[in-house]
Engineer: 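The structure's right below; bear with me while I get my questions together.
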Amino acid sequence: MEELFKNPSEEIYEIEFSGKFIPEKFVPIWFASKNLLGKEEAENTIGINVSEGNYCAFKTDFIEIYVEPDRFRILSKNLKSYDLVNDMAISVAKILKDSLNEYVSINFRFHFSYKTNKELTKVLNKLISKDEWSEIFNSPQLLGLRMNELFEDDEYKGEKRLSIFPCERADMQNTVHLYIKNNFASNSPKFSVISILEEHAESINSNIKFANKILKKYF
Amino acid sequence: MAELIVNKYLCKNPYDEGSTHDYDIKSKSGFTYDFKWEGVVLQINEDSIVSRLIESSTNEEDELILPLSKVSKDDINLLEEGALFNFYVGYSNSNGTIKKADVIKFRRKAIIQDDINDILDSLKEIDFDDLLEEY
């Protein structure tokens with residue numbers, strides 16, 4: 001597996017489905033009944049919280065699951081567990097295929113923290129040429145950047161979206177997000193969420209390489 | 001004690017502005033890891049398993065004999081030759097008490113009727129008569 005050029009303060013690998021879900025159904029025991037979690041593992045999940053019709057969320061030592069009526073997310077806060085996220089996502093997609101929209105997203109969320117706000121500001125300001133704005137602002141400061149690239153296949157329309165912006169979380173000081181979202185939406189009746197996930201099971205490497213290009217140049 | 005944090009310590013999500021909920025689970029207990037090996041079971045003995053492991057960062061390969069007792073009750077039914085597993089080395093935190101720890105976790109995948117049908121279809125395509133004649 002590729003390694004990030006710079007150590008993040010937090011890293012997330014996430015697969016996100018959209019569709020129609022009954023959140024309260026997706027408690028750990030449901031996953032154990034489908035053999036996707038062990039029985040003891042399901043009993044020892046942390047933070048099982050259910051709000052009827054609203055959300056269900058829990059975590060094991062390796063993955064976290066968040067279900068809302070229109071969104072189903074499986075993630076790990078350690079990139080090394082990307083294979084477990086893939087296994088769970090492919091399995092969930094097979095079991096819930098009739099509940100899923102023809103859309104899936106493979107996301108990477110990185111946080112990079114700096115000692116001072118000045119260092120953070122410097123990173124953000126490197127992202128664009130400030131000179132081009134100097135006629136408009138006296139002292140411009142970049143607050144964030146979003147950029148995307150579209151791609152297409154016989155089966156899907158894809159979008160790679162990059163977002164870089166400061167983190168406002170209270171527990172993270174002087175931190176910037178680097179989010180990479182890979183969206184896949186149906187482009188033909190052949191579209192299958194499962195085959196997209198299987199095809200892109202190792203896309204973690206190309207996404208880390210992509211992130212490294214940004215980190216080397218700007219961070 | 002774990003808690004579900006709603007709209008606190010959360011990152012605004014720039015590509016989901018319409019989303020009204022986001023959650024994060026914080027916990028003082030659990031297992032964290034820095035090292036992972038991807039393994040395949042080569043042989044199962046009475047009290048050990050022989051496996052081939054690949055370190056996830058360096059891709060260094062090694063063969064390792066692991067005690068069978070390391071396989072959790074949850075995963076014992078998944079143990080078979082050729083089964084894939086991950087071996088993690090890290091720390092367990094039990095209410096603030098931190099200890100070195102390692103965990104074996106077998107890979108799990110749902111098998112649904114469609115998969116079984118695919119396997120049966122593949123089997124149908126094999127000409128067993130020809131194979132038998134050959135041997």
Engineer: A:Ile90, A:Val92, A:Asn78: which one forms the most heavy-atom pairs within less than 4.5 Å of chain B?
Structural biologist: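 Result: the option with the highest number of such pairs is A:Asn78.
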Engineer: Can you establish whether the number of heavy atoms outside B:Tyr91 located under 6.0 Å from its atom OH is more than 12?
Structural biologist: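 No, because the 6.0 Å sphere around OH of B:Tyr91 holds 12 heavy atoms or fewer from other groups.
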Engineer: Do you know the tightest heavy-atom contact between A:Ile95 and B:Ala110?
Structural biologist: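 Distance-wise, the nearest heavy atoms are CD1-CB, 3.9 Å.
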Engineer: Would one find more than 12 heavy atoms of other residues, nucleotides or ligands at under 6.0 Å from atom CD of A:Gln141?
Structural biologist: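 It does: A:Gln141 CD has more than 12 such atoms within range.
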Engineer: Around atom CD1 of A:Ile22, are there more than 12 heavy atoms of other residues, nucleotides or ligands at under 6.0 Å?
Structural biologist: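 At most 12 heavy atoms, drawn from other residues, nucleotides or ligands, come within 6.0 Å of this atom.
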Engineer: Do you know which of A:Asp70, A:Leu37, A:Asn86 has the most heavy-atom pairs with chain B at a distance under 4.5 angstrom?
Structural biologist: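 Heavy-atom pairs under 4.5 Å are most numerous for A:Leu37.
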Engineer: Kindly check if the number of other-residue, nucleotide or ligand heavy atoms within 6.0 Å of CD (A:Glu52) is above 12?
Structural biologist: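 No, CD of A:Glu52 has 12 or fewer neighbouring heavy atoms, counting only those of other groups under 6.0 Å.
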Engineer: Rounded to the nearest 0.5 Å, how far does NZ of A:Lys39 lie from CG of B:Asn77?
Structural biologist: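 Here the interatomic distance stands at 12.0 Å.
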Engineer: Let's go through B:Val103 and A:Phe62 carefully: what are the C-alpha distance in whole Å and the side-chain angles of both, what is the deciding distance for side-chain contact (heavy atoms from CB on, under 4.5 Å) to 0.1 Å, and is it a yes or a no?
Structural biologist: CA-CA 11 Å; B:Val103 171; A:Phe62 299 94; 3.9 Å; yes
Engineer: About how many Å separate CZ of B:Phe106 and CG of A:Asp87, when rounded to the nearest 0.5 Å?
Structural biologist: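 It is 13.5 Å, given to the nearest 0.5 Å.
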Engineer: With respect to chain B, which residue among A:Asn35, A:Asp83, A:Thr175, A:Asn44 yields the maximal number of heavy-atom pairs within a distance under 4.5 Å?
Structural biologist: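 Ranked by heavy-atom pairs under 4.5 Å with chain B, first place is A:Asp83.
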Engineer: Of the listed residues (A:Gly38, A:Ala32, A:Gly144), which shares the most heavy-atom pairs with chain B below a 4.5 Å separation?
Structural biologist: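 Between A:Gly38, A:Ala32, A:Gly144, the count favours A:Gly38.
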Engineer: Do any of residues 40-68 of chain B have a heavy atom less than 4.5 Å from a heavy atom of chain A, and if so, which, in residue order?
Structural biologist: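 Heavy-atom contacts from residues 40-68 of chain B to chain A are B:Ser56, B:Ser57, B:Asn59.
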Engineer: With only heavy atoms counted, which part of A:Glu3 is less than 4.5 Å from chain B, the side chain, the backbone, both or neither?
Structural biologist: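 Contact with chain B involves the side chain of A:Glu3 alone.
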Engineer: Identify which part of A:Leu36 has an atom lying under 4.5 Å from any heavy atom of chain B, answering side chain, backbone, both or neither.
Structural biologist: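 The answer is both parts of A:Leu36.
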Engineer: Considering only heavy atoms and a distance below 4.5 Å, find which of B:Thr32, B:Asp34, B:Leu84 pairs most often with chain A.
Structural biologist: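 With the most close heavy-atom pairs to chain A, the winner is B:Asp34.
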Engineer: Given 3.5 Å as the limit, does a donor-acceptor pair link the side chain of A:Lys80 with the main chain of B:Lys36, or not?
Structural biologist: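 Not at all, since once roles are kept as given, no pair shorter than 3.5 Å links the two residues.
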Engineer: Relative to chain A, which segment of B:Lys109 carries a heavy atom at a distance below 4.5 Å: side chain, backbone, both, or neither?
Structural biologist: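 It is both, since atoms from each part get that close.
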Engineer: Take atom NZ of A:Lys160 as the centre, draw a 6.0 Å sphere, and report whether it contains more than 12 heavy atoms from other residues, nucleotides or ligands.
Structural biologist: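 Count over threshold, so yes.
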Engineer: Contact part of A:Tyr82 toward chain B, heavy-atom cut-off under 4.5 Å: side chain, backbone, both or neither?
Structural biologist: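 Just its side chain gets close to chain B.
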Engineer: A:Asp61 and B:Tyr33: which non-hydrogen atoms are nearest, and at how many Å?
Structural biologist: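 Taking every non-hydrogen atom into account, O-CE2, 4.0 Å.
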Engineer: So which part of B:Leu78 gets closer than 4.5 Å to some heavy atom of chain A, the side chain, the backbone, both or neither?
Structural biologist: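 The answer is the side chain of B:Leu78.
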Engineer: With respect to chain A, which residue among B:Lys73, B:Arg107, B:Glu38, B:Arg108 yields the maximal number of heavy-atom pairs within a distance under 4.5 Å?
Structural biologist: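 Most heavy-atom pairs within the cutoff with chain A belong to B:Arg108.
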